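Note that the structure is predicted; figures quoted are calculated from it, not measured. Whatever order the structure lists them in is the order used to number ligands and atoms, beginning at 1.
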Amino acid sequence: MLSKRRWTTTGAGAAAAVLVLVTGWQASAADERTPERGLYQVRGADTAAARTDVDRAGVDVLGVRDGGMEVVASPEQAAGLRGQGLTLTLQGDWDALLAARGGGLSRTAAADFPAGDEGYHTYAEMVAALRETASAHPEIAAVSSIGSSHEGRDIPIIKISDNVASDEDEPEVLFTCNMHAREHLTTEMCLRIVERFTAGYGSDAGVTAAVDAKEIWVVPSQNPDGAEFDIAGGEYAGWRKNRQPNSDGSVGTDTNRNFDYKWGCCGGSSTSPSSETYRGPSAASAPEVRAVQDFVGSRVVGGTQQIKGHIDFHTFSELVLWPFGHTYDTVTDGMTAEEYARFESVGEEMAASNGYTGQQSSALYVTDGSISDWMWGEHKILSYCFEMYPAGGGIDGFYPPDEQIVPQTTRNDGAVDILIANAT
Ligand code: 0X9
Ligand code: CA
Ligand code: CA
Ligand code: CA
Ligand code: ZN
């Protein structure tokens, strides 16, 4: 999938050459030859509206921190953003950075993550880990399925509770991970939750109380096709979306723009199939989204939604985000002042525990069709989006070494406990 033609001479490059003549300023090679997909640091997008405009330019927003953005942009997009007065600093050629991380092999199924990152779980390893957990703790853990991905992979879910085989009248909590393919650290986050609430049962008092009082559901990978594609051939692809083919020959829907609540309402997603934030041809057109929506819908028992709290884990930027994402308004249709205050207070408490920054998700940039807007808008579930480690980091931001798995997932133990405690 990596482009062969990586560098193009652009109008911006020609303008730089003219500048040299006029001012004597020395343009670097990077100024004259702009990568087809360049990794840029963007400065000057200091308001949510400005960041939403950057997102709407169609660039791939990797992370946002303290007003600075990291994006992957075409030469035309970069020129357009500079034309809006933003400062773009080229960090490198995205495709070259990706290629440098792998062996350049053909994209066949990988036995494991690239050398040095084997501590991450492939799809097969994740499925095996869930099965082993359930067979080691049959009284409190049971694996089932919420459906299949586009390519037919099962999307497993594990339930953790006392008397796990019975649907007891206990508040339910949901954790979802790996919606975006390249955000592999999040799969490990869900597996950490599974590990902690099973291995710690009977010895850790807090864990035992939570498992006895609640029903905890965990979906470690909402996008198994994308995750497998991202590591195929022993080389990271930097892939974000699912692997559903589009009408124009491109591949992938951004499932975090495909949920069926105010889908496509507000300029927070793209209608262009090749965009990294393509919303899909219709709401819930992605089978992975339907699987999550149908599962959550199935937890309406006797007219009452059983799931009370939810975290969807993403990377990166170290943020705790709460609804709504489709509007800058705090109070709006579907969100009272009291409800917003609760989101903010639980969100800030979680952010204090893990050292992330807490904010309304639209304060980052506007999105529509995101999972947390749907969870709250449709089901009144206290739903957060976490952007995990690191705070920033370009391509490396998606691929921290596996030594980071333990520190960065245990870092969220306290936040997970706070969410569970507030799921009432
Ligand atoms: O854009 C997304 O889907 C999430 N960020 S990511 O880099 N992991 O893709 C953030 C979604 C949170 N919602 C809003 N920012 N409105
Ligand atoms: Ca592995
Ligand atoms: Ca129970
Ligand atoms: Ca129940
Ligand atoms: Zn994400």
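- The aromatic rings of W374 and F259 lie tilted to each other, with the angle between the two planes from 30° to 60°.
- Not a single N/O/S atom of E215, whether from backbone or side chain, sits less than 3.0 Å from the Ca ion (ligand 3).
- When distances from the Ca ion (ligand 3) to the N, O or S atoms of E168 are compared, OE1 comes out shortest.
- One N or O on the side chain of R411 and one on the backbone of N354 form a donor-acceptor pair closer than 3.5 Å.
- The nearest N, O or S atom of E387 is not closer to the Zn ion (ligand 5) than 2.8 Å.
- Between the side chain of Q360 and the backbone N or O of T327, at least one donor-acceptor pair lies under 3.5 Å.
- In this structure a side-chain-to-backbone donor-acceptor pair under 3.5 Å is present from R65 to E318.
- H314 has its closest N, O or S atom to the Zn ion (ligand 5) at the position named ND1.
- To the nearest 10 degrees, the angle centred on the Ca ion (ligand 3) between OG in S161 and O in D162 reads 90°.
- Among the backbone and side-chain atoms of D212, none of the N, O or S atoms lies under 3.0 Å from the Ca ion (ligand 3).
- Checked against the 6.0 Å centroid threshold, H121 and F113 do not count as a close aromatic pair.
- The distance from the Ca ion (ligand 3) to the nearest N/O/S atom of S166 is not under 3.0 Å.
- Its N, O or S atom nearest to the Ca ion (ligand 3) is what matters here, and for E170 that atom is OE1.
- The atom of H180 that is an N, O or S and sits closest to the Zn ion (ligand 5) is ND1.
- Nearest N, O or S atom of E172 to the Ca ion (ligand 4): atom OE2.
- Atom CG of N178 sits about 14.0 Å away from atom CE of M189, to the nearest 0.5 Å.
- Screening Y384, F324, W322 for a ring pair (Phe, Tyr, Trp, His ring centres under 6.0 Å) involving F343 leaves a single residue, Y384.
- The two residues K241 and A181 come nearest to each other via the heavy atoms O-CB, 4.1 Å.
- Among heteroatoms of the N, O or S kind in D167, OD1 lies nearest the Ca ion (ligand 4).
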